[in-house]
There are 2 protein chains.
Amino acid sequence: MNLSTKSRYGLRILLCLAKSYGTDVPLKGKAIASEQGLTEPYFEQIIIKLKAHSLVATVRGCHGGYLLNRSPETISLLEIVEIFEGPVELVKCRKGTSVCPRQSECAAQSVWHKLSRTIRTELAKVTLASIVQENENSDQPEYVI
Amino acid sequence: MNLSTKSRYGLRILLCLAKSYGTDVPLKGKAIASEQGLTEPYFEQIIIKLKAHSLVATVRGCHGGYLLNRSPETISLLEIVEIFEGPVELVKCRKGTSVCPRQSECAAQSVWHKLSRTIRTELAKVTLASIVQENENSDQPEYVI
DNA sequence: TATAAAGTATACTAAATGAATATACAATTA
DNA sequence: TAATTGTATATTCATTTAGTATACTTTATA
C-alpha cells in the first residue's frame with residue numbers, strides 16, 4: 001500500500017506547474033528539478049510520462065520549459081497515480097483475462113474489487129486545483145489526529 | 001497499489017475459518033492449504049502471523065488444527081491487511097521520525113495522508129462476517145461495471 | 001510409550017520491482 | 001552555429017516478494 005516515489009514527485013511537479021498555470025511562461029526543467037531535489041535525468045523520466053499522457057506541454061529551444069497542458073480542475077490524483085502505478089486495483093486476478101478459474105469460490109475477490117473502486121473514486125475527487133486551493137486557505141494542517 | 005499475495009491468502013484462510021466459527025472443530029492446516037492451493041510451509045508462514053496477532057487459535061497434537069479466535073464481526077480487513085502490509089499509509093515520510101524538513105512546503109503530503117485515512121476507514125468497515133454474509137445472500141456478483 | 005499427526009521456526013533462493021545514475025542524442029531559437 | 005533545452009535508453013544497485021526447503025517441537029492415541 002505504498003505509492004512509488006515517482007507518483008509523489010509527479011504530483012509535486014504538477015503542483016509547481018499548476019501554480020503558474022495561466023501565465024504562458026514555461027518552467028525550466030532544471031529549476032523544477034533542483035527545487036524538488038531531483039537530478040535532471042530522474043526528473044526527466046517523470047515528466048516524460050506526464051507529457052506522454054498530455055498533462056504537460058513542452059516548449060523546446062533555448063527559452064523552453066514545461067507548462068501544464070490542461071486546467072488544474074481537470075487533473076485528478078487518480079489520473080496522476082495511474083500514470084505511474086498502473087491501474088488502481090488491489091488485486092490483479094490473472095491480468096488481462098477476465099475470468100479466473102477460482103473466481104466462483106472466491107468471495108475475497110469481489111471485496112477487493114469493490115474496495116479498489118472506492119479508492120479510485122476517492123482519488124478522482126481530488127484535483128490539482130483543489131489541492132492548491134486548500135493549501136492557500138490554511139496554513140494549518142487540515143486534519144488532526 | 002497492489003496487495004501482496006499474503007494479504008489475499010490471509011483473508012481467504014480466515015474466511016475458511018470464519019465459516020466454521022462456532023463449532024469447536026479445528027480445521028487442519030493441510031486441508032486449508034490444499035484447498036487454497038498453497039504449500040504447507042507457505043501456508044504456515046501466513047497463519048503464523050495470524051496467530052501472532054491472535055486472530056486464530058491453534059490446537060496442537062494429532063487432532064489439532066486452527067480455529068478463528070474471535071468473532072467474525074470483530075475482524076476487519078484493515079486489521080488483516082496491516083498484519084501483512086504494515087500500516088496502511090500511501091506515503092512514508094521519513095519513517096519513524098514525525099517531522100520532515102520539507103513538510104512545510106509539501107502540499108502533497110497532507111493529501112496523501114488524508115487519502116490514507118479514507119482508505120483505512122473503508123477497510124475497517126468490512127468484516128469477515130459481512131463478507132461471508134454478502135456471499136451467502138447473492139450468487140450474483142455484487143456490482144456491475 | 002512410541003509414533004504419527006499436527007504445529008513452529010528459520011534460512012535460503014530466485015524473480016520482480018523500484019530508485020537512481022549515466023550517457024548519448026535531437027530540437028530549437030537567440 | 002552554439003548554447004540551451006528537451007528526449008531516449010541502458011545500466012546499476014538495493015529492496016521486497018514469493019516461494020521452497022529443512023529441521024524441530026508438541027501432543028493425542030493406539
Side-chain angles (χ1 to χ4, degrees), chain A residues 1-10 12-13 17 24-34 36-69 81 83-87 90-92 94-95, chain B residues 1-10 12-13 17 24-34 36-69 81 83-87 89-95:
Chain A
M1 293 294 278
N2 239 325
L3 235 43
S4 71
T5 57
K6 286 183 182 170
S7 287
R8 298 193 278 131
Y9 284 129
R12 281 158 63 172
I13 289 167
L17 297 173
D24 268 349
V25 180
L27 264 58
K28 292 180 187 174
K30 257 187 186 167
I32 304 175
S34 80
Q36 297 296 334
L38 299 170
T39 63
E40 289 170 54
Y42 196 38
F43 164 80
E44 292 300 344
Q45 282 183 26
I46 295 163
I47 202 135
I48 213 79
K49 286 201 162 191
L50 295 173
K51 194 200 168 183
H53 291 78
S54 64
L55 296 193
V56 306
T58 58
V59 179
R60 304 193 69 157
C62 70
H63 286 96
Y66 299 96
L67 288 165
L68 204 60
N69 194 39
V81 168
I83 286 172
F84 296 103
E85 316 281 322
L90 294 175
V91 298
K92 306 214 194 324
R94 290 180 134 226
K95 344 184 170 188
Chain B
M1 295 291 280
N2 240 323
L3 236 43
S4 72
T5 57
K6 284 183 184 170
S7 287
R8 298 192 278 130
Y9 284 129
R12 281 157 63 172
I13 289 166
L17 296 173
D24 268 348
V25 179
L27 263 58
K28 293 180 187 175
K30 257 187 187 169
I32 303 176
S34 80
Q36 296 297 334
L38 299 170
T39 61
E40 287 168 56
Y42 195 37
F43 164 81
E44 291 301 343
Q45 282 183 27
I46 294 164
I47 203 135
I48 213 81
K49 286 200 160 191
L50 295 173
K51 193 198 170 182
H53 290 79
S54 63
L55 296 193
V56 306
T58 57
V59 179
R60 304 192 68 156
C62 71
H63 286 96
Y66 300 96
L67 287 164
L68 204 60
N69 195 38
V81 168
I83 286 172
F84 296 102
E85 317 279 324
E89 275 291 348
L90 294 175
V91 298
K92 307 216 194 324
C93 191
R94 289 183 134 224
K95 343 184 172 189

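Computed from a prediction, not measured in an experiment: that's the story for all the values here. Residue numbering restarts at 1 for every chain, and letters A, B, ... go by the order of the sequence lines. The basis for the numbers below is simple: all heavy atoms, side chains too, and nothing from hydrogens, waters or symmetry mates.
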Problem set entry | Gap separating the CD atom of B:Q45 from the CZ atom of B:F84, nearest 0.5 angstrom | 10.0 Å
Problem set entry | Contact summary for B:N69 and B:S54, nearest pair of heavy atoms | ND2-O, 3.1 Å
For this session: May I ask you to verify whether the side chain of B:Q45 and the base of D:dT17 hold a donor-acceptor pair under 3.5 Å?
Result: no
Exercise. Tell me: NZ of B:K28 to C1' of C:dG7, nearest whole Å?
Worked result: 13 Å
Exercise. Has B:Y42 got a side-chain N or O lying under 4.0 Å from the OP1 or OP2 atom of D:dG19?
Worked result: yes
Exercise. To the nearest Å, how far apart are A:I48 CD1 and C:dC25 P?
Worked result: 17 Å
For this session: Please step through side chain to side chain contact (heavy atoms under 4.5 Å, CB included) for the pair B:Y42 and B:K6, ending with a clear verdict.
Result: CA-CA 9 Å; B:Y42 195 37; B:K6 284 183 184 170; 3.6 Å; yes
For this session: Round to the nearest Å and state the distance from B:E44 atom CD to D:dA21 atom P.
Result: 16 Å
Seminar exercise, completed: Taken to the nearest whole Å, CZ/B:F43 to P/D:dA18 is 17 Å
Problem set entry | D:dT7 phosphate, OP1 or OP2, under 4.0 Å from A:Y66 side-chain N/O | yes
Exercise. Short question: side chain of B:E85, backbone of B:L3 - any donor-acceptor pair under 3.5 Å?
Worked result: no
Seminar exercise, completed: Taking for A:S4 and for A:P41 the nucleotide of DNA chain C with the nearest heavy atom, the one nearer the 5' end belongs to A:S4
Exercise. Where along residues 49-59 of chain B does a heavy atom come under 4.0 Å from DNA chain D, residue by residue in number order?
Worked result: none
For this session: Respond yes when some side-chain nitrogen or oxygen of A:K6 is under 4.0 Å from OP1 or OP2 of C:dG18, and no when none is.
Result: no
For this session: Ignoring backbone atoms, establish whether A:T5 has a side-chain N or O less than 4.0 Å from OP1 or OP2 of C:dA19.
Result: yes
Problem set entry | Nearest-angstrom distance from the residue atom CZ of B:F84 to C1' of D:dT16 | 16 Å
Problem set entry | d(CD, B:E40; P, D:dT20) in whole Å | 12 Å
Exercise. So which of A:T5, A:I13, A:I83 actually passes side chain to side chain contact (heavy atoms under 4.5 Å, CB included) with A:I46?
Worked result: A:I13
Exercise. So which nucleotide from C:dA19, D:dT26, C:dA26 ends up closest to the side chain of A:R60?
Worked result: C:dA26
Problem set entry | salt bridge (Lys or Arg N to Asp or Glu O under 4.0 Å) partners for B:E89, two or more places apart | B:R120
Seminar exercise, completed: Whole-Å distance, B:L67 CG to C:dG7 P, equals 11 Å
For this session: Take B:I32 and B:L17 through the test side chain to side chain contact (heavy atoms under 4.5 Å, CB included) and record every step on the way to the result.
Result: CA-CA 9 Å; B:I32 303 176; B:L17 296 173; 3.9 Å; yes
Exercise. Quick one: is B:H63 getting a side-chain N or O under 4.0 Å of the D:dT29 phosphate, OP1 or OP2?
Worked result: yes
Exercise. Between C:dA19 atom C1' and A:R8 atom CZ, what is the distance in whole Å?
Worked result: 11 Å
